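Report on the following structure.
Keep in mind the model is a prediction, meaning the values are calculated, not measured. Here, residue 1 is the first one in the sequence, and each next residue gets the next number. Numbering of ligands and ligand atoms starts at 1, following listing order.
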Amino acid sequence: MDRYGVIGQPISHSRSPQIHALFAHETGQSMSYERIGPPLDKFEQTVLQFIRDGGCGLNVTLPFKERALAMAHTCSERALVAGAANTLVFQEQNIHADNTDGVGLVRDLTRNLGFWLEKKRVLLIGAGGAARGVLLPLLQQSPAQLVLTNRTLTRARQLQRELVDCGLLLPGQLEKLTSCALDDIPSEPFDLVLNATSAGLTGGEVVLPASVFTPATLAYDMQYGATATPFMQMARQWGALQTADGLGMLVEQAAESFCLWRGIQPQTASVLQRLRHAA
Ligand code: ATR
């Protein structure tokens, strides 16, 4: 049986084993998928041992995504731009790194939520790893404007500069990107407001002006939980009628990883439904 897994710290909460078991069942693939939670200083060692034991691939989660990219021999453009890998593929002594987070978000927005980014006004909050992973794929969908905002302005500016330098955007797409501080957001409404900060996880709260939301705004939190996240609650309070958490993104990024490993794109709708009911 081909062996896969997810590696992170902490890892006990990960829903990836359940998702991949459902994909494997649905597509008739014979594979195992386990949780691996090494000590912080033993990540590389643990990955190499997993390969020696015959492992075929790994999902990588916090806090190891950057180190996963660093230890790879080859990588995709999207992993390079994200500066991090959430998927490793092991083949004939080669470690290949990829990042499926961005495509996972775009697929959740378009396929599951029916939200098309083209010509839309998008506000992306955060300039850490989560924002970095989705910025390029979002811009490649040709929104009318993408405003990148962060509590620390210099980090947003730095991320904007790196994206300009990566050379992967078409001229028309690049000029749609602007950045500003969290307390300096243009007071016009947005079609999509995306939370890519870690505020909910750390007990903090992102405070946004009410003017960014209208009843038609989709407020999307890349985090997820059993109930509406604090960001989703704030958006509803400010009048957004559509809110979503990141569970759909989790399932879609997993589907893309599964496809990289097995060459088959699994159906995601029923898996997402199962997960929602199990939450
Ligand atoms: P990750 O890899 O999850 O993105 P990170 O690199 O530590 O983690 O980045 C966390 C992001 O959440 C940053 O954009 C951070 O803002 P700063 O760059 O100003 O630190 C943002 N963040 C965390 N707590 C926040 C809060 N209470 N309000 C606003 N932004 C917050």
Asp2: what forms a salt bridge (Lys or Arg N to Asp or Glu O under 4.0 Å) with it, not counting sequence neighbours? Arg262
Pocket residues of ligand 1, ordered first by chain and then by residue number (heavy-atom cut-off under 4.0 Å): Gly126, Ala127, Gly128, Gly129, Ala130, Asn150, Arg151, Thr152, Arg155, Leu182, Thr197, Ser198, Ala199, Gly204, Glu205
Is there a donor in the side chain of Ser257 and an acceptor in the side chain of Asn59, or the other way round, less than 3.5 Å apart? yes
Identified side-chain hydrogen bond (donor to acceptor under 3.5 Å, both in side chains) counterpart of Thr268 within the set Glu256, Arg111, Glu252: Glu252
Run the side-chain contact (heavy atoms from CB on, under 4.5 Å) test on Lys65 and Asp101 for me, step by step, so that the C-alpha distance in whole Å, both residues' side-chain angles and the decisive distance to 0.1 Å come before the verdict. CA-CA 11 Å; Lys65 289 182 175 188; Asp101 284 334; 2.9 Å; yes
Any side-chain heavy atom of Arg276 sitting closer than 4.5 Å to one from Asp245? yes
side-chain contact (heavy atoms from CB on, under 4.5 Å) evaluation trace for Ile95 with Leu48: CA-CA 10 Å; Ile95 301 177; Leu48 293 174; 4.3 Å; yes
